[in-house]
Amino acid sequence: MAQVVAPLDQPSNYKDSQTRVDRTHQQELLSKSTTLYVGNLSFFTTEEQIYELFSKCASPEEGGGIKRIIMGLDRNTRTPCGFCFVEYYTHAEALACLRYISGTKLDERIVRCDLDLGYREGRQFGRGKSGGQVRDEHRTDYDAGRGGWGAQAQRLEVERRREVEERYADAQEGPGAVPGGGGDWKDAGENPLKRGRSPDDEGDPSRDVRTRMDDDSQRM
């Protein structure tokens, strides 16, 4: 009788494009693998959180346990970029994680686990053009746990802002430029058409009295 529910401890059909093995050999290696690839992590999830969750499937009393955790890093910034490798001592522990941990929540995100052929130096770095994972390169949605907008969307926004700034600079400097407005009059000094006050206008109250007396005598 065919199985109605697919087994939870079976690896996916994913094949690493950089692995030079055929499908048959890959299945043989996965049948003995003790390494898990863990994806869809938050950029803020720590190694300690991963250890706490994945140690629930460890069997140290049977000689097992977590051997090591390799955090996935952005190739340029060397900061976490949403995946990791978890190595156990036994194959049974890795299968238990596929059954009980893959599809559960960590840091409010559904984590995905898959059997891996084994960690090699260099695989800890993202393969996207911007340094992170390829999935975050073309993502168009906003995901706060994975750096906000996708890397391509962020580049387009930076280019758009640069074009706006360049157009604004051209409008300020080119022919028919729009005045920057406002502050030049402060540095121009007093109005050159306005008569300056003479020394006689200041500090001589008797001058005002004599002026009024002369005006009165002319009326008489």
Side-chain angles (χ1 to χ4, degrees), residues 8-21 23 26 29-30 33-58 65-89 91 93-162:
L8 300 178
D9 57 358
Q10 294 299 310
S12 71
N13 292 323
Y14 172 78
K15 184 178 185 300
D16 188 351
S17 60
Q18 296 185 357
T19 301
R20 302 291 185 266
V21 296
R23 284 287 183 183
Q26 176 177 310
L29 293 175
L30 291 177
S33 174
T34 62
T35 304
L36 287 174
Y37 173 89
V38 183
N40 199 40
L41 294 173
S42 167
F43 288 3
F44 306 101
T45 298
T46 65
E47 184 175 337
E48 290 75 12
Q49 289 174 287
I50 296 170
Y51 185 89
E52 181 181 0
L53 176 62
F54 283 82
S55 62
K56 296 182 184 301
C57 290
I66 294 178
K67 184 177 181 180
R68 62 173 175 168
I69 296 173
I70 301 99
M71 298 295 293
L73 302 176
D74 185 290
R75 189 174 61 253
N76 299 324
T77 63
R78 297 299 195 266
T79 56
C81 65
F83 71 99
C84 74
F85 297 93
V86 178
E87 288 187 358
Y88 288 95
Y89 283 99
H91 177 64
E93 292 171 310
L95 291 182
C97 278
L98 290 184
R99 292 191 189 102
Y100 305 120
I101 293 183
S102 184
T104 61
K105 276 190 175 184
L106 176 61
D107 253 359
E108 299 302 318
R109 301 184 67 85
I110 303 296
V111 297
R112 304 296 182 189
C113 304
D114 199 8
L115 283 179
D116 190 80
L117 297 179
Y119 172 77
R120 298 187 311 278
E121 185 61 32
R123 291 189 65 197
Q124 74 270 37
F125 300 121
R127 299 177 183 176
K129 292 181 179 179
S130 61
Q133 287 192 274
V134 175
R135 60 164 289 192
D136 291 312
E137 190 73 27
H138 304 286
R139 183 169 47 79
T140 57
D141 62 323
Y142 183 86
D143 190 336
R146 296 185 69 89
W149 299 105
Q152 188 173 15
Q154 292 183 24
R155 286 198 299 271
L156 292 174
E157 177 63 17
V158 170
E159 292 175 2
R160 186 191 67 81
R161 292 184 179 181
R162 184 182 298 115

When you compare the side chain of D116 with that of R123, does any pair of heavy atoms fall below 4.5 Å? yes
Nearest atoms (heavy-atom pairs only) where L115 meets A94: CD2-CB, 3.8 Å
Would F54 and L36 count as a side chain to side chain contact (heavy atoms under 4.5 Å, CB included) here? Give the steps. CA-CA 10 Å; F54 283 82; L36 287 174; 4.3 Å; yes
First locate atom CG of D143, then atom OG of S42, and finally report the distance between them rounded to the nearest 0.5 Å. 8.0 Å
Any donor and acceptor pair, going by atom type alone, linking the side chain of Q124 with main-chain N or O of G122 inside 3.5 Å? yes
Supply the atom-to-atom distance R109 CZ to F44 CZ, rounded to the nearest 0.5 angstrom. 10.0 Å
What residue among L53, N40, V38 forms side-chain contact (heavy atoms from CB on, under 4.5 Å) with L106? L53
D107 side chain reached by T46 side chain, heavy atoms, under 4.5 Å: no
Check whether any side-chain heavy atom of L117 sits under 4.5 Å from a side-chain heavy atom of T35, and report yes or no. no
Is the number of heavy atoms from other residues, nucleotides or ligands within 6.0 Å of CZ (R161) greater than 12? no
Do Y119 and R68 have side chains that get closer than 4.5 Å, going by heavy atoms? yes
Distance-minimising heavy-atom pair for C84 and I50: SG-CD1, 3.8 Å
Is any side-chain heavy atom of C97 closer than 4.5 Å to one of V86? no
Under a 3.5 Å cutoff, is there a donor and acceptor pairing between the side chains of T34 and E93? no
Are any of the side-chain heavy atoms of L73 and T79 separated by less than 4.5 Å? no
Rounded to the nearest 0.5 Å, how far does CG of D114 lie from OG of S102? 8.0 Å
When every non-hydrogen atom of F83 is compared with those of G39, the smallest separation belongs to CB-CA, 4.4 Å
If you define the side chain from C-beta out and look only at heavy atoms, does anything of V111 sit under 4.5 Å from K105? no
Quick one: pull up OG1 in T45 and CD in E108 and give me the separation to the nearest 0.5 Å. 10.5 Å
Take atom CD of E47 as the centre, draw a 6.0 Å sphere, and report whether it contains more than 12 heavy atoms from other residues, nucleotides or ligands. yes
Can you check whether G148's main-chain N or O pairs, donor with acceptor, with R139's side chain at less than 3.5 Å? yes
Here the pair of heavy atoms bringing D136 nearest to F43 is OD2-CZ, 3.8 Å
Heavy-atom closest pair, residues Y88 and I66: CE2-CG1, 3.7 Å
What's the spacing between C81 SG and R127 CZ if we round to 0.5 Å? 11.5 Å
Report yes if some heavy atom in the side chain of L41 is under 4.5 Å from a heavy atom in the side chain of P80; otherwise report no. no
Please state whether the rings of F85 and Y37 are parallel, tilted or perpendicular, taking 30° and 60° as the class boundaries. perpendicular
Output for pair (R99 CZ, I101 CD1), nearest 0.5 Å, gives 12.0 Å
